[in-house]
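Worksheet for the structure shown next.
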Amino acid sequence: MADRVVIDPITRIEGHLRIELETSGGKITDAWSSTTQYRGFEEILVGRDPRDAWAFTNRICGVCTGTHALASISAVENAIGSQPPEQAVLIRDMILSATDIHDHVVHFYHLHALDFVNAANAASADPQKAVDFAKSIGSTWRGNNLTRMTEVRDTVKNLVESGQLSVFTGGYWGHSDYRLQPEADLMAVAHYLDALEFQRSMIRIVTTFGGKNPHPHFLVGGMACTIDQNKSETVNQVQVSQLQAWIAEINEFVATCYVPDAMAIVGVYKDYFDIGAANPNYLAVGLAGATFSGDPNEVPKFPTSKMAVKPGVIYDDDFSQVHPFDPTLIAESVNSTWLSYEGGEKALTPDKGQTKMAYSGPQPPYESKTMASDDSVLVVSRDSDWDGKYTWCKEPMYNGKRMQVGPVARVIMAYAQGHPRMKEIVDGAVAKLGITLGQMNSTAGRALARAAECLLTAEILAQDTFPKFVENLKKGNIDVFDASKWEPSSWPKESSGYGMVEVARGMLSHWVTVKDRKIERYQCVVPTTWLGGGRDESGQMSPFEHSLAGDKNHPLADPKQPLEVLRTIHSFDPCMSCAVHVLDVDGNILQVAQS
């Protein structure tokens with residue numbers, strides 16, 4: 001009989017995620033991904049002015065802030081026929097670039113790396129050897145000096161000796177599968193702290209154009225900021241010079257710190273290139289930051305370099321063939337959800353989608369039934385009258401298949417289409433690590449793909465998007481708003497539209513129907529919905545579930561310390577707050593981890 005393990009909630013993510021597993025012989029044999037939080041933004045928007053939708057959707061998340069706003073604005077602009085000026089398009093591109101880079105850096109250092117880096121172990125490190133180790137992996141980051149490493153080593157040592165580990169409290173530091181030498185752990189912890197400081201550079205780019213962070217300001221038809229070189233309260237020469245300096249700092253950190261760190265860590269955990277493979281189907285509409293108002297197959301008036309990779313689909317790990325992308329083939333199932341569709345549960349396309357609660361789960365106060373073969377296995381089973389519903393997250397499909405979206409999908413899509421710089425980055429990494437392109441579909445592969453993508457995004461920002469923005473300023477192009485479609489009297493009586501944006505976690509789309517100047521229908525299909533839903537009506541697992549149980553070979557050595565599970569689930573950067581509870585057969589808390 002299989003043993004059952006429940007991790008609820010998963011920590012170091014955004015939102016509330018429960019992972020339930022069946023295990024046998026130290027391997028995971030089945031998995032269920034359950035989003036346990038209902039919010040209902042799509043229903044909140046019905047009946048509102050479509051010009052205000054971005055401000056509501058902007059609050060869906062405070063981590064990937066701004067991405068939902070841009071997807072919303074793109075959808076509304078598509079519906080009403082608005083076309084933002086070129087400078088507004090470039091400003092949006094710069095905000096998205098900064099947001100994507102910020103997301104990847106924060107994910108690697110603050111959400112994922114601690115699954116591989118033993119922070120407590122840094123207390124015993126030799127600071128000079130840590131400096132030498134950083135040099136040996138090709139890291140030329142300016143923080144790699146004896147003074148800094150000594151300072152961080154002493155700080156960690158004091159924390160360990162005090163018994164209060166501060167931000168590192170609750171980690172599984174005694175787990176036997178931490179593999180880095182103390183000096184590598186010290187370097188990584190130092191860079192963890194440096195990354196906290198580094199976030200400011202990226203946030204400043206967002207706030208320069210969006211006014212604040214999180215939840216920056218946008219505008220249907222363009223941007224809410226103004227450009228005037230002669231006024232202090234607008235984007236002027238001072239801000240432009242600051243932007244140039246911040247972008248240079250971003251490129252320095254990504255190239256000299258983040259990428260070498262990521263390469264070094266996945267190199268130590270190379271077996272994770274064969275662990276955590278998700279569904280072998282990939283979908284992307286461009287490079288990270290590609291934004292489309294309507295069909296991404298149609299070239300917009302002001303295309304960006306993020307569109308150098310065309311929309312495409314890859315099936316069954318066949319990287320030799322990229323299939324055309326058809327947005328009409330996207331559909332969402334509610335088979336495993338506490339949601340319902342009128343007229344049955346057949347999957348609906350997003351333009352016809354619904355978000356209607358139909359909760360059938362356990363009623364409070366919750367009483368868990370437990371089952372386990374021995375007292376060492378922790379588990380809470382589903383109730384005996386379980387009806388197959390276990391999540392608030394829908395199950396998106398493309399052409400009837402479950403798809404991967406996100407950095408791996410984009411990197412593979414760019415590579416398959418022969419994007420020169422991405423091929424150069426990937427070929428170098430693959431050769432150095434001794435892996436294949438196909439092994440990118442893995443726990444370690446997702447970490448590597450993020451680093452590769454982050455490097456390319458930073459380079460495009462510095463070498464293409466920002467220079468183009470500045471060149472336009474030199475030509476006197478300061479227009480950031482198209483007012484021709486602002487007034488509702490200029491809109492059709494009824495119209496529909498959608499926007500698609502490649503954000504850090506994957507392809508994000510918003511779908512809107514406007515009737516009599518109000519929102520009649522609104523749907524969001526977000527990356528974590530693609531990745532983290534439950535079983536669809538065909539029984540297909542989501543990428544979260546597939547990555548844990550698809551090959552029945554994912555390790556889980558100690559259910560009391562499910563580090564292997566965290567490594568794989570964190571690799572997706574779930575956007576679903578900060579405690580892991582694992583219960584024994586009597587319902588007692590055995591381990592609480594806060595991060």
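What you see below is based on every heavy atom in this structure, not just the backbone, and it leaves out hydrogens, waters and symmetry mates.
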Evaluate the criterion salt bridge (charged side-chain N to carboxylate O under 4.0 Å, His left out) for residue pair E151 and R148; output intermediate values, then yes/no. CA-CA 5 Å; E151 176 187 49; R148 174 61 172 163; 2.9 Å; yes
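- Within the structure, every pair that satisfies the salt bridge (charged side-chain N to carboxylate O under 4.0 Å, His left out) test and touches residues 245-263, not counting sequence neighbours, is listed here: R142-E252.
- A cation-pi arrangement, defined by a distance under 6.0 Å to the six-membered ring centre and an angle within 45 degrees of its axis, is absent between R505 and F572.
- In this structure, Y272 and H554 have perpendicular ring planes: the angle between them is above 60°, well past the 30° mark.
- Using modelled atom types, no side-chain atom of R410 and backbone atom of A284 make a donor-acceptor pair closer than 3.5 Å.
- Looking at D185, its side chain does come within 3.5 Å of a backbone N or O of N118 through a donor-acceptor pair.
- Between Y192 and Y109, the gap from one ring centroid to the other reaches at least 6.0 Å.
- The stretch residues 170-183 participates, sequence neighbours left out, in these salt bridge (charged side-chain N to carboxylate O under 4.0 Å, His left out) pairs: D177-R179, D177-R567, R179-D271.
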Is there a side-chain contact (heavy atoms from CB on, under 4.5 Å) between K212 and H217 once you walk through the steps? CA-CA 7 Å; K212 65 188 185 74; H217 297 297; 3.7 Å; yes
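- Applying the salt bridge (charged side-chain N to carboxylate O under 4.0 Å, His left out) test to residues at least two apart or on different chains, none of the pairs has a partner in residues 116-140.
- A donor-acceptor pair under 3.5 Å is formed between the side chain of S124 and the backbone N or O of N121.
- In this view, D93 and K306 satisfy the salt bridge (Lys or Arg N to Asp or Glu O under 4.0 Å) rule, not counting sequence neighbours.
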Can N281 and Q404 be said to form a side-chain hydrogen bond (donor to acceptor under 3.5 Å, both in side chains), step by step? CA-CA 6 Å; N281 309 309; Q404 283 197 65; over 6 Å; no
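- No donor-acceptor pair closer than 3.5 Å links the side chain of T568 to the backbone N or O of T443.
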Donor-acceptor pairs are to be reported for all side-chain atoms of residues 543-551 against protein atoms at under 3.5 Å, with residues two or more places apart or in another chain.
unit_1 : atom_1 : unit_2 : atom_2 : d
E545   : OE1    : R535   : NH1    : 3.4
E545   : OE1    : S542   : N      : 3.2
E545   : OE2    : S33    : N      : 2.9
E545   : OE2    : Y390   : OH     : 2.8
E545   : OE2    : R535   : NH1    : 3.4
H546   : ND1    : A277   : O      : 3.3
S547   : OG     : P543   : O      : 3.2
S547   : OG     : F544   : O      : 2.7
D551   : OD1    : N553   : N      : 3.0

Trace of the side-chain contact (heavy atoms from CB on, under 4.5 Å) decision for D115 with H570: CA-CA 9 Å; D115 298 332; H570 283 156; 2.6 Å; yes
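- Under the 30°/60° scheme for interplanar angles, the aromatic rings of Y258 and F108 are found to be tilted.
- A salt bridge links D103 with R450; the closest basic N to acidic carboxylate O contact falls under 4.0 Å.
- Residues passing the side-chain contact (heavy atoms from CB on, under 4.5 Å) test with V430, sequence neighbours excluded: V426, I435.
- Judged by distance alone, the side chain of H68 and the main-chain N or O of N58 form no donor-acceptor pair under 3.5 Å.
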